[in-house]
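A quick write-up on the structure given underneath.
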Protein chains: 2
Amino acid sequence: MSPAATFDDVSARAAVLRSAAAVFYARGIAGVGMVDIRDDSGVSLRRLYGLYPSKRDLVAAWLTARHTTWMAWFEGAIERSRAAGEEPLLAAFDAIAEWAASPGYRGCAFVNSAAETTEIDETHRRIVASHKEGMLEYLGALASAGGYARPDRLGRMIGVLLDGAMAEAAVLSSVEPIAAARDAASLLLAASR
Amino acid sequence: MSPAATFDDVSARAAVLRSAAAVFYARGIAGVGMVDIRDDSGVSLRRLYGLYPSKRDLVAAWLTARHTTWMAWFEGAIERSRAAGEEPLLAAFDAIAEWAASPGYRGCAFVNSAAETTEIDETHRRIVASHKEGMLEYLGALASAGGYARPDRLGRMIGVLLDGAMAEAAVLSSVEPIAAARDAASLLLAASR
DNA sequence: CTATAGTGAGAATGACCATTCTCACTATAG
DNA sequence: CTATAGTGAGAATGGTCATTCTCACTATAG
């Protein structure tokens, strides 16, 4: 109950989430044991279970945090491109392409997690679904801001292209599908003028 | 060495693959034990390991078979629509929509499998990649047969839309993304006339 | 100083699973 | 009939976790 304990909890949580972010994405949820989280974060098992009563809870916290950080990265990359005079809805593909070309790329963490039946429950599925809804909503807002016709539909179409691009890039170990998706997006934007 | 034994092996293999097809897709690879395959197929563990020396081998056989059966289903559905006078590249989305609306839909088996890091090795990844390449090739052939401009690029664009549609439909438990993808495809076809 | 609450290290527990092994049985070759 | 190869049933083995528990230690309240 000392104030020091509270502070420790906060930084221990941060360390655990930092480790979770690294290993859950790289190796999948089933591929990571609580011991791995301990080893990577330096937070003992006892403390770990004090902070997150079960692996499920930790996974939920990771997914929730990932939504925030991924969206921040995505929106940040797009905002930077917009500032450089590029079309935001096309810049989205450039951001994904850069990510997919970086080492360790394994596709969308949310889609991958949803595929792990052993590790994922309804709570997790809800987080995954609202992440995708959040992404689509943001794309719709971009379409709207860009003055396109039927911006909501355009946002959804761009979203499907992005998800397909992320998945195919992972499975084929190539950025080519992202280029194809970008080409398609470009045609769709032209058609929505 | 008796001919009867050979026959048994053939039908035992068939029974095992039939079970594998059902349970691996529904519960994921990690979610299925060899015991589950035995219970579902009626082939004893001993025999099972005689036919497939390891779970990895069985998974590889399942993925290989799945490529064949999935493509046959996909091409069949599209051919039927073509006979009914529909545009094949749009019929693809109708086929996926029907599948996604059926109970037990969980997205693309290949993309899901690739996400299961614990269960998948390089051999499996190659099978997954060539499945996607096969699908894209087929779509390119359809685009070519349809007389569209830049058929290869069009096939890839449609492919990205299909993969995005399959993934989002699974994650959002909705066929709406498939409709959006179909709309997008329709615009792309118009732009490729 | 001394009792106490919290902690790290890591051992113990209980499940689960791939794979192998045992044993009793069957059908067939001879 | 009798030795043999193959089989089913399911137990045994070995490994991997998630989660809990033990024990010794530390710092602090009093």
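Nothing here was measured: the structure is a model prediction, and the numbers come from that model. To find a chain, count down the sequence lines: A is the first, B the second, and so on, and within it residues start at 1.
Phosphate proximity of dT7(C) to Arg46(A): absent, as no side-chain N or O sits under 4.0 Å from OP1 or OP2.
Rounded to an integer number of Å, the gap from Leu51(B) CG to dT19(C) P is 14 Å. Taking atom CG of residue Leu48(B) and atom P of nucleotide dG10(D), one finds them 16 Å apart after rounding to whole Å. Leu58(B) places its CG atom 16 Å from the P atom of dC17(C), with the value rounded to the nearest Å.
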Validation: residues 186-193 of chain A side-chain donor-acceptor distances under 3.5 Å, sequence neighbours left out:
residue: Ser192(A); atom: OG; partner: Leu188(A); partner atom: O; Å: 2.9
residue: Arg193(A); atom: NH2; partner: Tyr148(A); partner atom: OH; Å: 3.2

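Closest contact between the side chain of Arg38(B) and the listed nucleotides dG10(D), dG8(C), dT7(D) involves dG10(D).
Five base pairs at each end of the helix from dC1(C)-dG30(D) to dG30(C)-dC1(D) define two local axes, and these are offset by 20° (rounded to 10°).
Arg153(B) pairs by the salt bridge (Lys or Arg N to Asp or Glu O under 4.0 Å) definition with Asp183(A), not counting sequence neighbours. By the salt bridge (Lys or Arg N to Asp or Glu O under 4.0 Å) test, Arg82(A) pairs with Glu79(A), sequence neighbours left out. When the ring pair (Phe, Tyr, Trp, His ring centres under 6.0 Å) test is applied to Phe93(A), no partner is found at least two apart in sequence or on another chain.
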Look for any protein N or O under 3.5 Å of an N or O in nucleotides 14-19 of chain D and output each such pair with its distance, or none.
residue: dA18(D); atom: OP1; partner: Val32(A); partner atom: O; Å: 3.3
residue: dA18(D); atom: OP1; partner: Lys55(A); partner atom: NZ; Å: 2.7
residue: dA18(D); atom: OP2; partner: Met34(A); partner atom: N; Å: 2.6
residue: dT19(D); atom: OP2; partner: Tyr49(A); partner atom: OH; Å: 3.0
residue: dT19(D); atom: OP2; partner: Lys55(A); partner atom: N; Å: 2.8

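Taking the six-membered ring where tryptophan is involved, the planes of Tyr105(B) and Trp99(B) are perpendicular, since the angle between them exceeds 60° and thus also 30°.
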